[in-house]
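Structure first, commentary second.
We count ligands from 1, going down the list as the structure has it; atoms in each ligand are counted the same way.
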Amino acid sequence: MCGIVGYVGRSEAAPILLDGLRRLEYRGYDSAGVAIVDGDKVETRKCAGRIAELGKLMAERPPTGTFGISHTRWATHGKPTDQNAHPHFDATGRLALVHNGVIENYQALKDQLIRDGDRNFSSDTDTEVLAHLIGKLYDASMAVDPGSNGKTKASLPNKKGRLVEAVRTALRQVIGTYGIALVHQDIPDFIVGARRGSPLVLGVGKDENFLASDVSAIVAYTRDAVYLNDFDVVAVERDKFEISSVAGEAGNYQLSKVEFTDADIKKGDYPYYMLKEIFEQPGSVRDAMRGRLSHEECTAKLGGLNMSPAQLRDVGRVVLTGCGTALHAAMIGEYLIEQLAQIPTEVEYASEFRHRNTPMTRDTLVLAISQSGETADTLGALRESRRKGYRTLGICNNVASTIARESDGGVYMHAGPEIGVAATKSFTSQVAILTAIGLLLGRMRHLSTSEGTRIIDALEALPDQIEQVLKLSDQMKAIARKYASVNGMLFFGRQFNFPIALEAALKMKEITYLFAEGHPSAELKHGIIALVRPDLPSVFITPDDAVFSKNLNNIEQVRARKGPVIAITSGTGADRLAKIADDIVTIPAVPDYVSPILTVIPLQLLAYHLAVELGRDVDKPRNLAKSVTVE
Ligand code: G6P
């Protein structure tokens, strides 16, 4: 949420910053800006609207210079206007700062600055307050009379050191979250960055260095990265960098290799990232399973869990937590772990879980699920669980993300970068991994070798079956066209496919802006049936499984009230639905516990095609952002 890019090197900064922002646009896209220093003058361009608008502004009056900072915004404090777009400046206009996060005590800090005579605020943002505070502290340090405390001018820290110290002093006063980058026009070739709660990565190049919210912004230039920790402050120059803490201690760091390349984040021939990512699912599900299934032992091998067999056997309860799509994967995980391993499992909205006093037993294992690994609510739930002493695992896609680093162990999805705001491939990878976890825990308890083998076979068959399901894209497009004028859709499913009803409704809401609800099929008669009418289609996710005939009854109830029905089914389902469903979509027949990985795909495609039909911006739906680092 909000994207930051900083550059210091020998090339012109403007194209690098703009290119980086385009790659981070999924993090927010309501306004954008850059500040670039040329000689001893900081130039800024910023405006409300998409990065494309900023691009036009920069093309009209290109800012020159070889170091600078930039930002794409998802508004928290202050409307998305030109004034509120980042960068923000200190009172003298010499220091420019970009910020991702929320300064919770900004009003108190602003009041103090005003009391001290600083009234020169030009935006409604919390960020500007931080810029003023750092600027004021820096200027005060520069004004120190060398003789007054016995120090000579030479013994005082240089400008760079004083700016870093001003950043530290300001951040010690801040309550809230931040990923920041700042430049000062008096200090050439120098950027300061810092983080707490919002991600920041240092990209290490040859005679050039980068700062970014996410490596995708800089992977075209370097694959060597340092993932900064909370409370790190980094001073970045062309050919060196220094990491310390907000408290002033020297920091440790580790250089990592980014596991994907620039080619992986290109759209290729696809019109939207979402479609590309839907079509990547045969490979992403395969990669989620790669090297993790053992035919010999009929179980899953998940070394990253960092748990001994005894510890795994001792798990008496599982709590799964996440937000949005990840929460829906968690809900399938509940069915999976209870069915395969017979361990009591619960799902908690991360945002609720972290603030309530859930009774927990000592043998509870907490699994935090998050594509980005940065979602503030999920991270909060994870930290709260750790604070209380529970073992935590992360299921994340982004390598070295905060959730991945702060968990006791976990499983990476290896799905490759997911850029479309609406999550697709990360969902199927999460469900595949939860199946593997269910298998592993089950095999340590009652699950037989033959059952273990059946589950492995079912998982290994998925990539080819997903290929078949993707061939339904044209059919889903035709259905989307047929229903393009409806005002909403209802989604129903039972058991493993109830969370798919929720996920399908979420996809529909996110990218078409149509009203959509998902429910367990049987709940229909408890209220939702009042909504049924000829212009509101109901989508039933009803593979040919143990609850098929129950779903059939619910479909009849909708038909009796003239509600159109779209059915996603398998096996002999199509024959049995022929007379009562308006549209039938048939996927391969698979065991019920892996069926959600297939049933969700036509529904991702339905939302996608309908959004295109309605002229929506599929990859950047209104008001949304990926990687939600605010609470
Ligand atoms: C946002 C996105 C959703 C996503 C959720 C959780 O709300 O719009 O698509 O499912 O965050 O994201 P995470 O990165 O934690 O999986």
Side-chain angles (χ1 to χ4, degrees), residues 1-3 24-30 74 76 197-199 213-214 216 272-274 277-278 284 288 320-333 347-354 367-383 393-407 410-413 415-431 433-434 499-500 502-513 516 518 600 603-604 607-608 611 616-631:
M1 190 152 266
C2 295
L24 292 188
E25 209 170 0
Y26 70 86
R27 302 181 66 89
Y29 32 82
D30 57 37
W74 187 89
T76 56
S198 300
S213 301
D214 172 333
S216 59
Y272 288 101
Y273 278 109
M274 182 182 179
E277 288 155 10
I278 290 173
S284 52
L320 301 167
T321 191
C323 305
T325 291
L327 185 89
H328 298 150
M331 292 171 83
I332 298 171
V347 178
E348 296 270 1
Y349 285 94
S351 53
E352 291 296 309
F353 181 47
R354 59 180 297 200
L367 262 95
I369 306 174
S370 172
Q371 187 283 132
S372 61
E374 303 290 349
T375 299
D377 287 320
T378 312
L379 181 59
L382 177 92
R383 286 180 174 161
L393 299 177
I395 301 180
C396 299
N397 193 30
N398 280 352
V399 172
S401 54
T402 311
I403 292 174
R405 283 187 293 166
E406 293 197 10
S407 309
V411 189
Y412 276 124
M413 295 175 207
E418 190 180 65
I419 294 169
V421 166
T424 51
K425 63 176 176 175
S426 61
F427 176 77
T428 43
S429 294
Q430 286 158 2
V431 179
I433 288 168
L434 286 163
I500 296 300
L502 296 175
E503 175 58 10
L506 178 64
K507 288 288 92 76
M508 193 57 79
K509 282 182 269 213
E510 281 180 312
I511 61 168
T512 69
Y513 317 147
V600 77
L603 298 167
Q604 294 169 343
Y608 169 80
R616 310 292 193 231
D617 188 346
V618 173
D619 286 336
K620 300 183 201 72
R622 73 178 177 209
N623 304 339
L624 295 179
K626 213 172 176 70
S627 195
V628 181
T629 51
V630 296
E631 293 170 10

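- In terms of modelled atom types and a separation under 3.5 Å, the side chain of Q430 and the main chain of A329 share no donor-acceptor contact.
- Using a distance-only test at 3.5 Å, with no hydrogens or angles considered, a donor-acceptor pair links the side chain of E277 to the main chain of G420.
- Looking only at heavy atoms of the protein, atom 2 (C) of ligand 1 is closest to A625 O, 3.9 Å.
- Where the criterion is an N or O separation shorter than 3.5 Å, residue side chain and backbone included, T375 meets it with respect to ligand 1.
- Close approach of ligand 1 to S372 (heavy-atom distance below 4.0 Å) involves ligand atoms 13 (P), 14 (O), 15 (O).
- Between the side chain of K425 and the backbone N or O of P417 there is at least one donor-acceptor pair closer than 3.5 Å.
- Atoms of ligand 1 found under 4.0 Å from any heavy atom of S370, numbered from 1 in the order shown, are 13 (P), 14 (O), 15 (O), 16 (O).
- Within the 4.0 Å heavy-atom shell around ligand 1 one finds C323.
- Numbered from 1 in the order shown, with element, the atoms of ligand 1 that lie under 4.0 Å from a heavy atom of T325 read 10 (O).
- Counting the atoms of ligand 1 from 1 in the order shown, those under 4.0 Å from a heavy atom of V421 are 9 (O).
- Side-chain atoms of N398 come within 3.5 Å of backbone N or O of S372 as a donor-acceptor pair.
- In this structure, E510 is part of the shell of residues with a heavy atom less than 4.0 angstrom from ligand 1.
- The protein non-hydrogen atom at the shortest distance from atom 11 (O) of ligand 1 is V628 CG2, 4.0 Å.
- Looking at every heavy atom in both residues, A381 comes nearest to A350 through CB-O, 3.8 Å.
- Checking S426 against E418 by side-chain atom types alone, a donor-acceptor pair falls below 3.5 Å.
- When Q371, H328, K507 are checked for heavy-atom proximity to atom 16 (O) of ligand 1, Q371 turns out nearest.
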Q: Decide yes or no on side chain to side chain contact (heavy atoms under 4.5 Å, CB included) for Y273 and V618, but give the supporting numbers first.
A: CA-CA 8 Å; Y273 278 109; V618 173; over 6 Å; no

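- Between C396 and G373, the closest heavy-atom pair is SG-CA, 3.9 Å.
- Polar contact check, Q430 against ligand 1: no nitrogen or oxygen pair lies under 3.5 Å apart.
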